[in-house]
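Data block below; observations after.
Positions are given from 1, in the same order as the sequence printed here. This structure is a prediction, so every number in the text was calculated from the model and none was measured. When a ligand or atom number is given, it counts from 1 through the structure's own listing order.
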Amino acid sequence: MKLYIYEHCPFCTRARMIFGLKSLPVELAVIMEGDAETPMHLIGKKAVPILQKDDGTHMGESLDIVRYIDGLGTPILTRDPVEELDTWGKDVWGPGLKLFIPRFTKADFAELATPEAREAYRLREENAFGDLEALMAATPELLGDVNPRLEKLGLLLGKRTELSISDITLWPILRSLSIVAGLTFPPAVLAYARSLEEKVGVSLMFDQKM
Ligand SMILES: N[C@@H](CCC(=O)N[C@@H](CS)C(=O)NCC(=O)O)C(=O)O
């Protein structure tokens with residue numbers, strides 16, 4: 001199977017996670033930012049992730065892909081969703097985006113490998129979020145909002161042994177936040193993030209912190 005992604009994309013990370021967790025091989029294909037033609041041709045809209053199944057058909061929507069792949073063989077997302085984690089993710093998403101999106105536009109990702117692609121991405125995010133430098137300048141207030149949320153997440157995580165769809169939505173948010181200098185992952189959050197990093201085979205972004 002083949003998975004079309006952007007490396008930075010949290011929705012694509014969801015789809016990558018299930019392949020890693022199930023130890024299923026998948027060919028990754030990075031779509032360049034600014035390339036509307038490839039996704040339009042495959043699923044009729046400009047969005048990733050896109051899965052090319054073994055029968056040659058394509059599907060979009062990250063959680064549909066996760067459920068489809070989990071349904072092949074023995075499912076592993078066996079536990080019920082964890083409501084508190086889902087709520088935590090929904091609540092942190094707004095301020096989190098304001099922290100990680102402007103940084104993504106400056107970071108090192110395959111889909112931004114040409115100046116044209118980086119500019120296409122910058123413009124796409126500027127259209128969605130307004131002045132990205134103004135967002136960078138708002139970092140102190142945003143850190144003041146998100147750091148206490150990370151503290152709270154540490155208390156929620158506890159000892160988790162079985163995986164659920166909540167982990168598939170939560171971990172990509174933490175991966176995205178790991179690019180933000182000035183955020184502190186409390187020990188329980190860091191242990192959780194690192195343990196899933198190992199299992200899913202997708203790297204956190206602490207090494208690109210800015
Ligand atoms: N609901 C979709 C959302 C996917 C999504 O928004 N992907 C973003 C990248 S993070 C995208 O493809 N945006 C289209 C673009 O390039 O404009 C899913 O879960 O797969």
Legend entry - atom 15 (C) of ligand 1: nearest protein contact (heavy atom, Å): Lys46 NZ, 3.1 Å
Legend entry - Parallel, tilted or perpendicular, as decided by the 30° and 60° cut-offs, for the rings of Phe206 and Phe185: perpendicular
Legend entry - Heavy-atom nearest neighbour in the protein, as seen from atom 12 (O) of ligand 1, with distance rounded to 0.1 Å: Val48 N, 2.9 Å
Inset, instruction - Examine ligand 1 and decide if any of its atoms is less than 4.0 Å from a heavy atom belonging to Leu63. - result: no
Legend entry - Salt-bridge contact Arg103-Glu125 (side-chain N to carboxylate O under 4.0 Å): no
Legend entry - Nearest protein heavy atom with distance in Å, relative to atom 13 (N) of ligand 1: Arg124 NH1, 3.5 Å
Inset, instruction - Considering only non-hydrogen protein atoms, determine which one is nearest to atom 1 (N) of ligand 1 and report residue, atom name and distance to 0.1 Å. - result: Glu61 OE1, 2.9 Å
Legend entry - Tyr6 neighbourhood, listing ligand 1 atoms whose heavy-atom distance to it stays under 4.0 Å: 9 (C), 15 (C), 16 (O)
Inset, instruction - Name the option, out of Ser62, Pro49, Ser176, that contains the heavy atom nearest to atom 19 (O) of ligand 1. - result: Ser62
Determine all donor-acceptor pairs shorter than 3.5 Å in which one atom belongs to a side chain in residues 82-99; sequence neighbours excluded.
| from | atom 1 | to | atom 2 | distance (Å) |
| --- | --- | --- | --- | --- |
| Asp86 | OD1 | Ser166 | OG | 2.8 |
| Thr87 | OG1 | Glu83 | O | 2.9 |
| Trp88 | NE1 | Arg149 | O | 2.7 |

Legend entry - same_hphob_cluster(Leu204, Ile179) at 4.5 Å side-chain heavy-atom cutoff: yes
Inset, instruction - Please work out which of the three classes, parallel, tilted or perpendicular, describes the rings of Tyr4 and His58, given edges at 30° and 60°. - result: tilted
Inset, instruction - Might you point out which heavy atoms bring Leu143 and Ala181 nearest each other, and give the distance in Å? - result: CD2-O, 4.0 Å
Inset, instruction - Please confirm whether His8 comes within less than 3.5 Å of ligand 1 when only nitrogen or oxygen atoms on both sides are compared. - result: no
Legend entry - Smallest separation among heavy atoms of Ala110 and Met32, with atom names: O-SD, 3.4 Å
Legend entry - Per-atom contacts of ligand 1 with Cys9, taking only distances under 4.0 Å to non-hydrogen atoms: 9 (C), 10 (S)
